[in-house]
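Data block below; observations after.
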Amino acid sequence: MATTDANLATHVETLRREIERHDRLYHVLDSPEIPDTGYDRLIRELRQIEGEHPELVTPESPTQRVGAQPADGFQQVTHRLPMLSLGNAFNDDELLAWHARVSNILERDDFEMMCELKYDGLAVALTYERGNLVRGATRGNGSVGEDVTSNLRTIKSIPMRLNPDLAPELIEVRGEVYFPRSKFVAFNIQREAEGLPVYANPRNTAAGSLRQLDPRMTAERPLDIFVYSIGASVGLPDIKSQSEGLDYLDSLGFRSNANNFLAKSISQAANYYRSWIENVESLDYACDGVVIKVNRLDYQNHLGNVGREPRWAIAYKFPAMQEETVLEDIKFNVGRTGRINPYAILKPVLIGGATIERATLHNEDYIVEKDLRVGDRIVVERAGEVIPQVVKALPKYRDGEPAKFKMIEECPSCENKLVRREGEAASFCVNSACPAQLVRLIEHFVSKGAMDIEGLGVKQGEALIDQGFIKDVGDIYLLKNHRENILEMERMAEKSVTNLIAAIEKSKEQPFIRVLVSLGIDLVGTEVATLLARNKGTLDALKSADADELSAIPGIGPKIAHSVVDFFADESNVAVVEKLKDAGLQMEQTIDESANLEQTLEGRRFVVTGRLRNFSRSDIESRIKELGGAVSGSVSKRTDFLVVGQDAGSKLVDAHNLGIRVWSEKKFQMMAG
Ligand code: IVH
């Protein structure tokens, strides 16, 4: 029926406008009016109608942001007007020289300048015809770029339709796509966990994300954009200046930057620059300077270009956060779980006021992919709170042919053969008697969720290892035999030694699950230990299980299964377990233990961060407390677990740096039942 169809089409249009309005409120203006659930309801309704009436689907519909099929490659696009670059200034003199040249040509010095941040991302051009997004392209060489329309459509702050009351016949909008810094570290952690190469910085990540052949991959990355200028156009209103142009872009539905500032003099512009040197790290996007633009368009036209650079604008660059230095050595750390962490020893170099002597190298693949060789001249970058990174090697400076990097095969501490599990980028030392791991392992062994032995801190642990009283965690139970010798050690008073030995004896009563946890098998925490104990019942049964049997247990994936099998395949581990058994630790699951799951979070300290799907903040906090855990607001060395929701920020970084276990919300649910 024609009227129903017409009504439906009108309804769909109303729905789309409503969704577009909320998209803008959320992604452009940062001030949502409705909760996510309300928004989801609108999208769901639209999807449903479009599903039943495919004839009503338009390419600009909010449901079509992610939908395009993977491409084989990218088409080339010739820009209607070239995308220019910018001349640089590196100090006040160069800035003043630019201003003097401009003043000279304009024959006046009372002109205003628009001051903007110089975003360090990827320049793109978005073309709209009659208000609809028809093409998005990368800058490329300035004349010819690549058509990445499907990928740009996935960025929610890019409108697919412009404000219909103001949209011109044609407009090409230029801006910079970036990857938010707060999401960058978490993104890399995720990639590393999946065995994928990590990105060096947010800029490369933005570039890599825009060049994904499958738009669904791009959609999973939290890209964003700031727009900064208008290229080709037909039917624009009378815009007289850069500031009016930016206001117009805002009114069309774009996101310009709230930190733009109109300077009345060059000294005001210089102050703007100086204030951002101090504050740039507080921003969630990388900037490498400020751009100063003569504001009036008639002045801009009069000034024109020199080659590919406009005379009317200049980029005043921040002091470099990248520097060249020498890669003096590649060394390896052993983590608590035996994870081998390669890191770079650098010829000390000053970057943005801090001396950098080390940089993370993540894992074997990272080093091989960049072909880093000891002795190489390299580029190092420091960005915000992110750990210093090696950007690339500069092989042209190589003297002869330095040896290619070869991953170590033996643990730098115990010389046991390292294991690199399939699909993982990291190598592990799986020897639980490894000295480098031992300190950290003891720390873990005595912790609250494991054997809960008070009085055996890191200091005491190190001293006891040093004196040869502890060679593996099994020796903890033999300390009582060395009582007299221990009393002679520093800071080991009669009373504390007596208490320590009593605590050690008492820990023998800890249930089997805790014993399993205390072994420090990679990926085996309380929740996994609970599953293993319930299904296998005894340590001997667990030891003789193969990977297939273990992965058949619900909740146990192949990674965990292999980790357990690898652990028991190592004879030194088996010897330690035997020692613990001889000492009288619980090696079997008792009945009431499985009934008493409420103990699971006992004594554990939690921090919760990010947006959760199924819990409110107070829900999850009371659940943790119900199960015997504690909740605190910030991540510290004493935190046991960080529970993360969406958009987790710096706490995730802190947790990663401190080696604290991170739980997804799903994992928490598994644990909390
Ligand atoms: S204006 C002729 N404004 O810098 C004007 N560019 O070196 C050129 N950029 O390719 C563009 N922030 O990717 C302009 N606020 C800003 C900018 C900016 C970053 C980038 C842009 C361009 C490059 C030029």
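Whatever order the structure lists them in is the order used to number ligands and atoms, beginning at 1.
Summarising the geometry, atom CD1 belonging to I367 is positioned 3.5 Å from atom CZ belonging to F405; distances are rounded to the nearest 0.5 Å. For the atom pair NZ (K118) and NZ (K317), the distance works out to 5.0 Å, reported to the nearest 0.5 Å. Interatomic distance, I155 CD1 to R65 CZ, rounded to the nearest 0.5 Å: 9.0 Å.
Using cut-offs of 30° and 60° for the angle between ring planes, the F226 and Y178 rings count as parallel. Using cut-offs of 30° and 60° for the angle between ring planes, the F187 and Y199 rings count as parallel. Aromatic ring orientation, Y228 versus Y119: parallel (interplanar angle below 30°, classes split at 30° and 60°).
Here the heavy atom of the protein found nearest to atom 7 (O) of ligand 1 is L86 N, 3.4 Å. Summary of contacts: the protein heavy atom closest to atom 2 (C) of ligand 1 is P310 CG, 3.3 Å. Protein heavy atom nearest atom 1 (S) of ligand 1, with residue, atom name and distance: K293 NZ, 3.4 Å. Nearest to atom 12 (N) of ligand 1 among the protein's heavy atoms is Y119 N, 3.1 Å.
Enclosure of atom CD in Q76 is not indicated, since only 12 or fewer non-hydrogen atoms of other residues, nucleotides or ligands lie within 6.0 angstrom.
Atoms of ligand 1 lying under 4.0 Å from any heavy atom of K118, numbered from 1 in the order shown and given with element: 4 (O), 7 (O), 12 (N), 19 (C). Interface atoms of ligand 1 facing L117, defined by a heavy-atom separation under 4.0 Å, are 12 (N), 15 (N), 16 (C). Close approach to R139 involves these atoms of ligand 1, each under 4.0 Å from a residue heavy atom: 10 (O). Within ligand 1, the atoms closer than 4.0 Å to a non-hydrogen atom of L84 are 2 (C), 8 (C), numbered from 1 in the order shown. Listed by number with element, the atoms of ligand 1 under 4.0 Å from a non-hydrogen atom of E176 are 9 (N), 13 (O), 19 (C), 20 (C), 21 (C).
Counting heavy atoms only, Y228 comes closest to atom 17 (C) of ligand 1 of the residues F226, W312, Y178, Y228.
Residues passing the side-chain contact (heavy atoms from CB on, under 4.5 Å) test with R203 are D120, L122, N201, sequence neighbours excluded.
Here E309 has no heavy atoms under 4.0 Å from ligand 1, in either its backbone or its side chain. Contact annotation: for D120 versus ligand 1, there are no heavy atoms closer than 4.0 Å.
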List the atom pairs, with distances to 0.1 Å, where a side-chain N or O of residues 341-362 and a protein N or O form a donor-acceptor pair under 3.5 Å, not counting sequence neighbours.
{"unit_1": "N341", "atom_1": "OD1", "unit_2": "R339", "atom_2": "NE", "d": "2.7"}
{"unit_1": "T360", "atom_1": "OG1", "unit_2": "H362", "atom_2": "N", "d": "3.2"}
{"unit_1": "H362", "atom_1": "NE2", "unit_2": "Q389", "atom_2": "OE1", "d": "3.2"}

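Put simply, no part of A315 is less than 4.0 Å from ligand 1, judged by heavy atoms.
Between V291 and ligand 1, not a single N/O pair is under 3.5 Å apart.
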